[in-house]
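Here is how names work: the chains are called A, B, and so on, in the same order as the sequence lines, proteins then strands, and each is numbered from 1.
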Amino acid sequence: MSSEEQTAQEALTFADLGLSPKVLSAVTDAGYTVPTPIQAGAIPHALQGKDVLGIAQTGTGKTASFVLPMLTRLEKGRARARMPRTLILEPTRELAAQVEENFVKYGKNHPKLNIALLIGGVSFDEQDKKLERGADVLIATPGRLLDHRERGKLLLNGVEILVIDEADRMLDMGFIPDIERICEMIPSLTRQTLFFSATMPPEITKLTEKFLHAPVRVEVSKAASTGTNITQRLVKSGPKPWDKRAALRELINAESGELKNAIIFCNRKVEVSELFRSLIKYDFDAGALHGDMDQRARMQMLANFRDGKLKLLVASDVAARGLDIPDVSHVFNYDVPIHAEDYVHRIGRTGRAGRSGKSFTIVTKNDAKYLAAIEKLTGLKIEWHDGDLSTVVASEGEDEAPRRGRGAPRRAGRKDEGERKRGGRERSQRHAEKPAREPEAVDIDAVAADAPVEKRERKEAIRSDNAERKARPERAEQPRRDDRPRRDDHRGGRPDRSEQNRRQREQDDDGTVGFGDDMPAFMRVSAKV
DNA sequence: AAAAAAC
């Protein structure tokens, strides 16, 4: 594209793109007049029925660049039962739901538009009913889509427009075989394909060669890989979880003047859970988001965070890309991401739409090589916030190596692999929180679908617990935290985790019945504000 | 080395 064309396009308004009056009016009502570069580039071609290869990061207005032309094109024709007219594939459930919201928003003048969202973790029947009724727009994650299809509830040969969104992320997640299968189910002669990816690794290029016909390539210049409006800092910490949690708390407090809301990224789901619990204990206004959580909790957390009912969101990389969370003032990396690109995506959650943002990455001595990779990728030496690792004060916590030789010999009564791992983690967790003398915990295990336990086990535990609770509604005064085993005897007579949980649940008995029956207490806690 | 995604 020449620079003249570029300038000409910047002067464009949505009214110049060829969208239908209904769509245009919804766009205007939403307060938009000038399309973003990807929208200006893709919409006219999409309206003409051409295949489009859009290379754009999230936050560039990519979603509207396919939603708007699709709505326009859907005005002609009607959907037949079980034969959706369009299909949009998304890598995560949240993204799929987000696209649905866009269709609702811009499709408000299309009262007859049927939208079906096929994602995992929610009821099958409702989705099936929508399919039966005939969907104009089908938005799906690959797993659930294939599930419906295998049950014979879905025919894909009537699909007129196929959208593959976040293709590079699909690749990362191992979805490419699924995507290929799905593409092959849709007749290529009658199909228009819109394909979006932030980057074009060889596998993705191959995919586009296979499934796109003479695509129009629309590339949006990458926003400087890590936006210059983001202030990035490194924060030293000891290597232990309690060191890192303390460093984070200190940081949040120090930033409290500027901190409007923040996402705190962890590398692992268990860490999300642990950190979330810890923050709640310290009375921070925090929520959690990761893929093992109950789908309703995921949605609710995200909604609360977006609506400003929740200040801190502790999340796995499920939240790193694509989620449209406007106006996050801070991003904290509780862990240095193992993949350098993830760093870019994570901190890209702040400093959006030209606003300024701050990111802090907690670094321990174990993170050197990941940090080096990040600095290499971004071509940037990230400054230390308050002295580098050489100034870390030694932790007062337990020795690095787990102590042995106390209690029963290790061989006796050895637990299975999973249990042993969990036990170890809990031990360090408990210990970690000891020195700080935290206020009593909100019990999260009782309700959170995010504990590192099989779902079934969890449900079972809650069910039996509820039964027990009913049987004994009244109970003697609870022991206080100070009566619990202390620092040095935590290896010995520590009450069983489930015992602790049970007591805690009895303490804040709130009538929570179990998954799916009631809103988890931790969500209520966060919603209180 | 981790997350995500199907019952």
Original post:
Are any of A/Ser316's side-chain N or O atoms less than 4.0 Å away from OP1 or OP2 of B/dA2?
Top reply: no
Subject >> Side-chain N,O (A/Arg298) to OP1/OP2 (B/dA4) below 4.0 Å >> reply: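 No, outside the criterion.
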Subject >> Side-chain-base donor-acceptor pair under 3.5 Å for A/His339 and B/dA1 >> reply: yes
Please state how far atom [atom1] in [X] lies from atom [atom2] in [N], giving the value in whole angstrom units.
| X | N | atom1 | atom2 | answer |
| --- | --- | --- | --- | --- |
| A/Met293 | B/dA5 | CE | C1' | 16 Å |
| A/Leu118 | B/dA5 | CG | C1' | 14 Å |
| A/Asp342 | B/dA4 | CG | C1' | 11 Å |
| A/Glu166 | B/dA3 | CD | C1' | 14 Å |

Taking the side chain as every heavy atom from C-beta outward, state whether [X] and [Y] have any atom pair closer than 4.5 Å.
| X | Y | value |
| --- | --- | --- |
| A/Glu203 | A/Ile176 | no |
| A/Met70 | A/Val67 | no |
| A/Phe66 | A/Val52 | no |

**OP:** Mind jotting down which residue pairs meet the ring pair (Phe, Tyr, Trp, His ring centres under 6.0 Å) criterion with at least one end in residues 119-158 of chain A? Sequence neighbours excluded, please.
**Re:** A/Phe124-A/His148
Please work out if [X] contacts a base, only the sugar-phosphate, or nothing of the nucleic acid, heavy-atom cut-off 4.0 Å.
| X | answer |
| --- | --- |
| A/Arg169 | nothing |
| A/Phe124 | nothing |
| A/Gly174 | nothing |
| A/Asp172 | base |
| A/Asn267 | sugar-phosphate |

The side chain of [X] is closest to which nucleotide in this list: [options]?
| X | options | result |
| --- | --- | --- |
| A/Thr92 | B/dA5, B/dA3, B/dA2 | B/dA5 |
| A/Lys269 | B/dA6, B/dA5, B/dA3 | B/dA3 |
| A/Arg268 | B/dA4, B/dA6, B/dA1 | B/dA1 |
| A/Thr141 | B/dA1, B/dA6, B/dA4 | B/dA6 |

Identify each donor-acceptor pair in which a side-chain atom of residues 158-168 of chain A lies under 3.5 Å from a protein atom, sequence neighbours left out, and give them as a table.
from     : atom 1 : to       : atom 2 : distance (Å)
A/Glu160 : OE1    : A/Arg85  : NH2    : 3.4
A/Glu160 : OE2    : A/Arg85  : NE     : 2.9
A/Asp165 : OD1    : A/Lys62  : NZ     : 2.7
A/Glu166 : OE2    : A/Lys62  : NZ     : 3.2
A/Asp168 : OD2    : A/Ala198 : N      : 3.3
A/Asp168 : OD2    : A/Thr199 : N      : 3.0
A/Asp168 : OD2    : A/Thr199 : OG1    : 2.8

